[in-house]
*Asks:* 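Starting off with a structure, shown below.
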Amino acid sequence: MKKNMITGSKLWSIAMITSLLAACSSPATTSTTANAATSTTGTTKTVSVSEQTSVKYADLVSLDADDTNISWSEADSTAIKLNGTTATVTGSGAKAANGSVTISEAGTYVLSGELTDGQIVVNVADKGTVHLVLNGATIHDNDSAAIYIQKAGKAVITLEKGTKNTVSDGKTYVYADATTDEPDAAIFSKADLTFNGAGQLTVTGNYNEGITSKDDLKIISGNIRVKAADDGIKGKDMVAIQAGTITIEAEGDGIKSTNDTDTTKGYVAIAGGTFDIQSGNDGIQAETALVADGGTYNIVTGGGSVNAPAKVEEGPFGGGGGGWGGGTPPTDMGTPPDGEPPADIPEMPNNSGTNAGANTNGAAASNSANTTTTTTTTDNNADADTATTATESTSAKALKAGTDLTVNGGTYTIDSMDDSLHSNNNVTVNDGTFNIESGDDGIHADQALTINGGTITIAKSYEGLEGAIITLNDGDVDVTASDDGVNAAGGETETATNTAASTDSATTATDATTTSNISVTETTGTTSTTDQASQGTAVNQQGRGPGGMGGAAASNNEFHINGGTLTVNAGGDGLDSNGSINMTGGTVIVNGPTNSGNGALDYDGTFEISGGYLVAAGSSGMAQGTSDASTQNTIVMTFPTTQKAGTLVHIQDSEGNNILTFAPAKDYQTVVVSSPDLAKDGSYVIYSGGTSTGKAVDGLYTDGTYSGGTQVVAFQSTSNVTWVNESGVTTANSGMSGPGGGRGQGGFGGRNRTQSGTTSESTGTTDSAK
């Protein structure tokens, strides 16, 4: 089997990296560990991902002397002088004929001049290394690849410093063999291909792709510009980029790896560089793992977030009308009092067919497909004519991994029609600066989403953070979403009680075990991760009835907050978990919904808080507080009427010590606050309005003096979670129950929330104090 790396004693494969990820999780770190299932063809295994996880470029890529060799001399090289439709060869190993040059021996070849209609062919039988130096060369072929590495051990293309080089092909190809479709790129290699040097290279793939390697593709340095009718830069086994300036304009994917038959290959690893990518489909896509240590990225996919299809929320009984109705999100996301308004969410056109529910038991189209496909599956437990059809839209994600996506650093400016960061398995952000505008999710993981550091600003999204298990250990995260700010949903795939009798056209993964440390084991005969068409199917709903009615049960989804800061401005739920929420530290500020069909907090299991600072403001109809089992105390205040955006809510203890001074960014009626300063039997006073001389960050004031407000209520807290209205201590909202006990014990249960936008929600409009 071909080695994954070219040289070196330390050979890393994707399988080995997966083992490394699992090994990083030890019993000593279970309190801050996000564990998630992953499944591969024909296997059963459990994978855990912890805050210690950090796969880097050097773990996946090793370089040999040829990769970094940029030196040459006239004495030890062959000169190829291009001149219109002819070429002159000075030296051995190459011959010119019929306007093309064929290189048949390993060695160094220096190309200069212009070839207007011809091809550079490398066909080296002994599998040696061919070093091509582009020294001011322009190469164009009307009906095939301009540079065709047909056979070699490795090809290295050096861009000579101070030179400009151009390679292009025609819009149509002529193949000698009608059964082949290769080559299909302006630069096409069937061997390992490396680019280095300090010169410039402009590649135009008029026929299909710009640069393609059917093996490994490495870019060590250089200024490379690619324009392609389909994909820009493509490597089969891997794409590794160490440095350079790379500009891509592609109708398909910008940068991608494609090996989908060997799980040890098909990855993209980037150490650094400067990237400007405009792609019709995904910006950077790895069939398996995508790792980025650093670099500066400007990525626009699918024309940007303004081109995203409209999202639709369902009403409480599966019909339209929930949320915004017709798929139109709110246009005013509110303005915090410190003068930093979140990005407005533009009104989207009505498209009730987009992201609607898919088949309850069936499979979806493969995530690797970029073109629109339709998959129809039939549940034999239902009538044959009730089979549903799910349509997958074009994948236009910015960073996309088939298995794990790991970001260790870098600066990212992203405007994506689809998810900005996406993995069919796990996403880990260890560091980096992100400025994101997304037409769908800001960051999405089918399994575990773990944030260990960095500064993440999601200025526009449908849902901000989404994953089966979400963990915030550190970092500064600011989310603006037209629907949920944070959504812990999906991941585990369970079947209903009648599943054993069904025979679907596609096999789905079965969640066999959920252990106490949140690790999920799956048994499957096919890869369980799917793209948008499967995220939002009823299989993720744990057998719950419409809207969570009738015995709603919490799923295994979890949201852990262990540190860092999280600021959310959401049109839907602020923090949403189909399972539970656990908070041990950090600061969380939520500006939740103004409509009563959503809540600032929404969880189906429990919300246990033992540390950190939480303030969440929003509507009152679906309001939840934290769970009674929490060891840190919470106050939930419901005002008699809706309070205007920017109206201060101030809480102080009986000695006048400030507990909270906060100006919500939007209209609100309920405020939840949990702080280490709250005592179970403390005496508190709540004020509305007034002013503060303190400094406001995201509406939360520190220091300074509060004055001028109107006292709403004075009260004595009575429990770990104290619900208050203008009359004093009261009970939790009734008629809006969830298993966590935060909404009382009757009526509707937790709402039927899935990944990627399909929801079943209550649309109640009760705003009166409870």
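FYI, side chains are in, hydrogens and waters are out, and symmetry mates aren't considered; it's all heavy atoms of this structure.
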*Asks:* Identify the two heavy atoms, one from Ala617 and one from Ala600, that lie closest to each other, and give their separation to 0.1 Å.
*Replies:*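 Minimum heavy-atom contact is O-CB, 3.7 Å.
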*Asks:* Any donor-acceptor pair under 3.5 Å linking the side-chain atoms of Asn435 with those of Thr413?
*Replies:*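 The criterion, which ignores hydrogens and geometry beyond distance, is not satisfied for Asn435 and Thr413.
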*Asks:* Please report the shortest heavy-atom distance between Gly464 and Ile458, naming the atom on each side.
*Replies:*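 For Gly464 versus Ile458, the nearest heavy atoms are O-CD1, 3.6 Å.
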*Asks:* I'd like to know if the side chain of Thr288 and the backbone of Thr263 have a donor-acceptor N/O pair within less than 3.5 Å.
*Replies:*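 Checking the backbone N and O of Thr263 against the side chain of Thr288, no donor-acceptor pair under 3.5 Å is found.
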*Asks:* I need the Asn556 CG to Ile469 CD1 distance, nearest 0.5 Å.
*Replies:*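 If we round to the nearest 0.5 Å, Asn556:CG and Ile469:CD1 are 7.5 Å apart.
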*Asks:* Between Ser420 (side chain only) and Ala398 (backbone N and O only), is there a donor and an acceptor less than 3.5 Å apart?
*Replies:*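 No.
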*Asks:* Tell me which one of Asn298, Asp276, Ile277, Val226 satisfies side-chain contact (heavy atoms from CB on, under 4.5 Å) with Thr247.
*Replies:*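 Exactly one option meets the side-chain contact (heavy atoms from CB on, under 4.5 Å) with Thr247, and it is Asp276.
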*Asks:* What I want to check is whether the side chains of Asn259 and Thr261 have a donor and an acceptor closer together than 3.5 Å.
*Replies:*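 Distance-only check passes for Asn259 and Thr261.
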*Asks:* About how many Å separate CD1 of Ile451 and CG of Asp431, when rounded to the nearest 0.5 Å?
*Replies:*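 Result: 12.0 Å between the selected atoms.
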*Asks:* Checking Asn426 side chain against Ala448 main chain: does a donor-acceptor pair fall under 3.5 Å?
*Replies:*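 Yes; at least one donor-acceptor contact below 3.5 Å.
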*Asks:* Given the rule in the side-chain contact (heavy atoms from CB on, under 4.5 Å) test, do Val268 and Lys256 qualify, once you have shown the distances and angles that lead to the verdict?
*Replies:* CA-CA 7 Å; Val268 175; Lys256 72 185 299 185; over 6 Å; no
*Asks:* What are the two closest heavy atoms between Ala459 and Thr480, and how far apart are they?
*Replies:*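 Smallest interatomic distance, heavy atoms only, reads O-CB, 3.5 Å.
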*Asks:* Please confirm whether the backbone N or O of Met417 pairs with a side-chain atom of Thr301, one donor and one acceptor, at under 3.5 Å?
*Replies:*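 Such a contact is found between Thr301 side chain and Met417 backbone.
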*Asks:* In Å, rounded to the nearest 0.5 Å, how long is the span from OG of Ser423 to CG of Leu399?
*Replies:*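 Between atom OG of Ser423 and atom CG of Leu399 there are 11.0 Å.
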*Asks:* So, for Ile255 and Ile241, which heavy atoms are closest and what is the spacing to 0.1 Å?
*Replies:*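 For Ile255 and Ile241, the tightest heavy-atom pair comes out as CD1-CD1, 3.9 Å.
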*Asks:* For a 4.5 angstrom cut-off between non-hydrogen side-chain atoms, does Lys666 reach Asn569?
*Replies:*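 With C-beta onward as the side chain, the pair touches.
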*Asks:* Please enumerate all residues that pass side chain to side chain contact (heavy atoms under 4.5 Å, CB included) together with Ala185, with sequence neighbours excluded.
*Replies:*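 So Ala185 forms a side chain to side chain contact (heavy atoms under 4.5 Å, CB included) with Phe188, Glu209, Thr212.
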*Asks:* Under the 3.5 angstrom rule, does the side chain of Ser257 hit a backbone N or O of Glu287 as a donor-acceptor pair?
*Replies:*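 Present.
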*Asks:* Side chains of Asp253 and Ser279: closer than 4.5 Å at any heavy-atom pair?
*Replies:*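 No, side chains not in contact.
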*Asks:* Using side-chain contact (heavy atoms from CB on, under 4.5 Å) as the criterion, point out the one residue from Thr406, Thr450, Val407 that pairs with Asn430.
*Replies:*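 So, applying the side-chain contact (heavy atoms from CB on, under 4.5 Å) to Asn430 and each of Thr406, Thr450, Val407, only Thr406 qualifies.
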*Asks:* Do Leu575 and Leu566 make a side-chain contact, defined as non-hydrogen atoms from C-beta onward lying under 4.5 Å apart?
*Replies:*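 Yes; the side chains approach each other to less than 4.5 Å.
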*Asks:* Could you tell me which non-hydrogen atom of Leu290 sits nearest to which non-hydrogen atom of Lys400, and how far apart they are?
*Replies:*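 Nearest pair, atom of Leu290 first, then Lys400: CD2-N, 3.8 Å.
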*Asks:* Can you tell if the side chain of Ser438 reaches within under 4.5 Å of the side chain of Ser416, non-hydrogen atoms only?
*Replies:*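 Yes - at least one pair of side-chain heavy atoms lies under 4.5 Å apart.
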*Asks:* Would you say Asn208's side chain and Asp230's backbone share a donor-acceptor pair under 3.5 angstrom?
*Replies:*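 Checked: no pair found.
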*Asks:* Do Asn425 and Gln447 meet the criterion of a side-chain donor-acceptor pair at a distance under 3.5 Å?
*Replies:*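 Their side chains do not contain a donor-acceptor pair, so the 3.5 Å distance test is not met.
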*Asks:* Would you call Tyr412 and Leu421 a side-chain contact if the rule is heavy atoms closer than 4.5 Å?
*Replies:*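 Counting from C-beta outward, Tyr412 and Leu421 never come under 4.5 Å.
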*Asks:* If you look at every heavy atom in Ala229 and Asn206, which pair is closest and at what distance?
*Replies:*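 Reported closest heavy-atom pair: CB-O, 3.5 Å.
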*Asks:* Can a donor-acceptor pair be found, under 3.5 Å and without considering hydrogens, that links the side chain of Asp484 to the backbone of Asp573?
*Replies:*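 The answer is yes, because a donor-acceptor pair under 3.5 Å joins these two groups.
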*Asks:* Any donor and acceptor pair, going by atom type alone, linking the side chain of Asp415 with main-chain N or O of Gly304 inside 3.5 Å?
*Replies:*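 No, the answer is negative, given that no donor and acceptor are paired below the 3.5 Å cut-off.
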*Asks:* Output the distance between atom CG (Leu472) and atom CD1 (Ile561), rounded to the nearest 0.5 Å.
*Replies:*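 These two atoms lie 6.5 Å from each other.
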*Asks:* Got a second to check how far Lys397's NZ is from Asp418's CG, nearest 0.5 Å?
*Replies:*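 Going from NZ on Lys397 over to CG on Asp418, the span is 3.5 Å.
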*Asks:* Indicate whether any N or O donor in one side chain lies under 3.5 Å from an N or O acceptor in the other, for Thr565 and Asp476.
*Replies:*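 Checked: Thr565/Asp476 side chains pair up, N/O donor to acceptor below 3.5 Å.
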*Asks:* Has Ser619 got a side-chain atom pairing as donor or acceptor with Asn598's backbone, closer than 3.5 angstrom?
*Replies:*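 Indeed, once roles are kept as given, a pair shorter than 3.5 Å links the two residues.
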*Asks:* Drop me the distance from Thr457's OG1 to Asp478's CG, to the nearest 0.5 angstrom.
*Replies:*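 Going from OG1 on Thr457 over to CG on Asp478, the span is 5.5 Å.
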*Asks:* Do Thr258 and Lys234 have side-chain heavy atoms sitting under 4.5 Å apart?
*Replies:*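 When only atoms from C-beta onward are counted, Lys234 and Thr258 do touch, with a gap below 4.5 Å.
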*Asks:* As a quick check of understanding, evaluate side-chain contact (heavy atoms from CB on, under 4.5 Å) for Ile581 and Leu601, giving each step before the final call.
*Replies:* CA-CA 10 Å; Ile581 302 175; Leu601 306 177; 5.5 Å; no
*Asks:* Ignoring hydrogens and angles, tell me if any N or O in the side chain of Asp576 forms a donor-acceptor pair with the backbone of Val486 under 3.5 Å.
*Replies:*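 Such a contact is absent between Asp576 side chain and Val486 backbone.
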